Amino acid sequence: MLCWKAIFEVPFCVFEIVKVYEGGSVFDIGKPCCRAFVDLSDDCRIEVFQHSKFFPVIEGFCKAVIGAGPIGGGGVVRAPPPHHHHH
């Protein structure tokens, strides 16, 4: 699980995420924690969260909290690359 070490470096972040799994509110996840969560690489997120129904909820909330732009680190899922032309 070392790929998501960043989450452990933010105080209480891992507890905020675990609380959601235990029925808590996604609104308890703080902005620094959200940033660490969204910055995880795609491979890491798939490995850790692929079977979780909470994952899209947390990810959606966190992207809204930090302002949906890319933040370096992992690629932003589902957002089209800016250089592609639209039909």
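Just so it is clear, the values below take in all heavy atoms, side chains as well, and ignore hydrogens, waters and symmetry mates. Quick caveat, the model's predicted, so the values are computed rather than measured.
Contact detail for A36 and A6: the closest heavy-atom pair is CB-O, 3.9 Å. Heavy atoms only, all atoms of each residue included: D42 and R45 are closest at OD1-NH2, 2.8 Å. In terms of heavy-atom proximity, E16 sits nearest to G30 at OE1-N, 3.0 Å. For I17 against I58, the heavy-atom pair with the smallest separation is CG2-CD1, 4.1 Å. Between S52 and Y21, the shortest heavy-atom distance links the atoms OG-OH, 2.9 Å.
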**Request:** Apply side-chain contact (heavy atoms from CB on, under 4.5 Å) to the pair V20 and I29, showing each step before the final yes or no.
**Result:** CA-CA 9 Å; V20 175; I29 300 176; 3.8 Å; yes
**Request:** Show your reasoning for whether disulfide bond (SG atoms under 2.5 Å apart) applies to C62 and C33.
**Result:** CA-CA 9 Å; C62 280; C33 181; over 6 Å; no
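Within the 4.5 Å cutoff, no side-chain heavy atoms of C13 are placed close to those of F37. Here the side chains of D28 and F12 are not in contact, with every heavy-atom distance at 4.5 Å or above.
When hydrophobic clusters are built by joining Ile, Leu, Val, Met, Phe, Trp and Tyr residues whose side-chain heavy atoms come closer than 4.5 Å, directly or via intermediates, V38 is grouped together with F8. No continuous path of hydrophobic side-chain contacts links F55 to V10 [ILVMFWY only; heavy atoms under 4.5 Å].
Applying the 6.0 Å contact sphere to CZ of F15 captures no more than 12 heavy atoms from other residues, nucleotides or ligands. Counting heavy-atom neighbours within 6.0 Å of F54 CZ, excluding the residue itself, gives a total above 12.
Taken from CD1 in I7 to CG in D39, the straight-line distance is 10.0 Å, to the nearest 0.5 Å.
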